[in-house]
Amino acid sequence: VAAIAEEVTSMFASLDSPQDFLRHDIRFHQAVAAACGNPILTSLVEMLSEVFYERRRQETFDDPREMRETADMHRRVYMAIRQRDAAAARDAMDRHL
């Protein structure tokens with residue numbers, strides 16, 4: 001959970017750097033997968049992360065408001081995980097994805 005929190009914090013700290021923001025976005029998803037304790041899910045997220053990073057790296061975010069909105073979505077997922085509310089975490093992740 002601490003790794004998830006660190007990535008959310010780092011996303012907000014990197015709102016002025018789209019490439020750094022993207023790295024923290026991907027690390028957030030990797031940390032969530034690792035926290036699930038499912039090695040298959042963790043491996044799948046690792047594989048998809050590389051593809052996602054390459055695609056998003058070239059697109060970058062055009063609008064700082066979009067980055068903040070994305071960071072807010074990640075924060076909602078994190079807060080639900082921290083509160084051990086699986087239904088809220090699932091709902092927040094579904095809305096994010």
Practice prompt. Could you grab the distance from atom CD of Gln30 to atom OG1 of Thr42, nearest 0.5 Å is fine?
Written response: 9.5 Å

Practice prompt. Answer with yes or no whether the hydrophobic clustering places Met73 together with Leu15; edges join I, L, V, M, F, W, Y residues whose side-chain heavy atoms lie under 4.5 Å apart.
Written response: no

Discussion item. Could you go through Glu69 and Arg65, starting from their C-alpha distance and side-chain angles, then the distance that decides it, and tell me whether this counts as side chain to side chain contact (heavy atoms under 4.5 Å, CB included)?
Written reply: CA-CA 6 Å; Glu69 189 175 305; Arg65 290 176 295 181; over 6 Å; no

Fill in: From CA spacing to verdict: side chain to side chain contact (heavy atoms under 4.5 Å, CB included), Val77, Arg95
CA-CA 10 Å; Val77 172; Arg95 289 174 188 220; over 6 Å; no

Worksheet item: Ignoring hydrogens and geometry, is there a side-chain-to-backbone donor-acceptor pair from Ser14 to Met11 under 3.5 Å?
Response: yes

Response to the item:
One should read off an interatomic distance between Thr9 OG1 and Arg75 CZ, to the nearest 0.5 angstrom, of 9.0 Å

Practice prompt. Say whether Leu97 and Phe21 are linked into one hydrophobic cluster, either directly or through other cluster members, by side-chain heavy-atom distances under 4.5 angstrom.
Written response: yes

Fill in: Val51 with Leu22, same ILVMFWY side-chain cluster at under 4.5 Å
no

Item to complete: Identify the two heavy atoms, one from Ile81 and one from Ala89, that lie closest to each other, and give their separation to 0.1 Å.
Response: CG1-CB, 3.9 Å

Worksheet item: Quick one: do Asp72 and Arg76 make a salt bridge, cutoff under 4.0 Å?
Response: no

Discussion item. If we ignore hydrogens and angles and just use 3.5 Å, is the side chain of Ser10 paired with the main-chain N or O of His24 as donor and acceptor?
Written reply: no

Fill in: Distance in Å, Asp85 CG paired with Met79 CE, rounded so as to fall on 0.5 Å steps
11.0 Å

Worksheet item: With a cutoff of under 4.5 Å between side-chain heavy atoms, which Ile, Leu, Val, Met, Phe, Trp and Tyr residues group with Val45?
Response: Leu41

Worksheet entry | Close aromatic pair by centroid cut-off 6.0 Å: His74 and His29 | yes

Item to complete: Rounded to the nearest 0.5 Å, what's the gap from CG on Asp25 to CZ on Arg23? Could you check?
Response: 12.0 Å

Worksheet entry | Side-chain heavy atoms of Val1 within contact of Tyr78, under 4.5 Å | yes

Worksheet item: Is Met93 linked to Ile4 within one hydrophobic cluster, defined over Ile, Leu, Val, Met, Phe, Trp and Tyr using a side-chain heavy-atom separation of less than 4.5 Å?
Response: yes

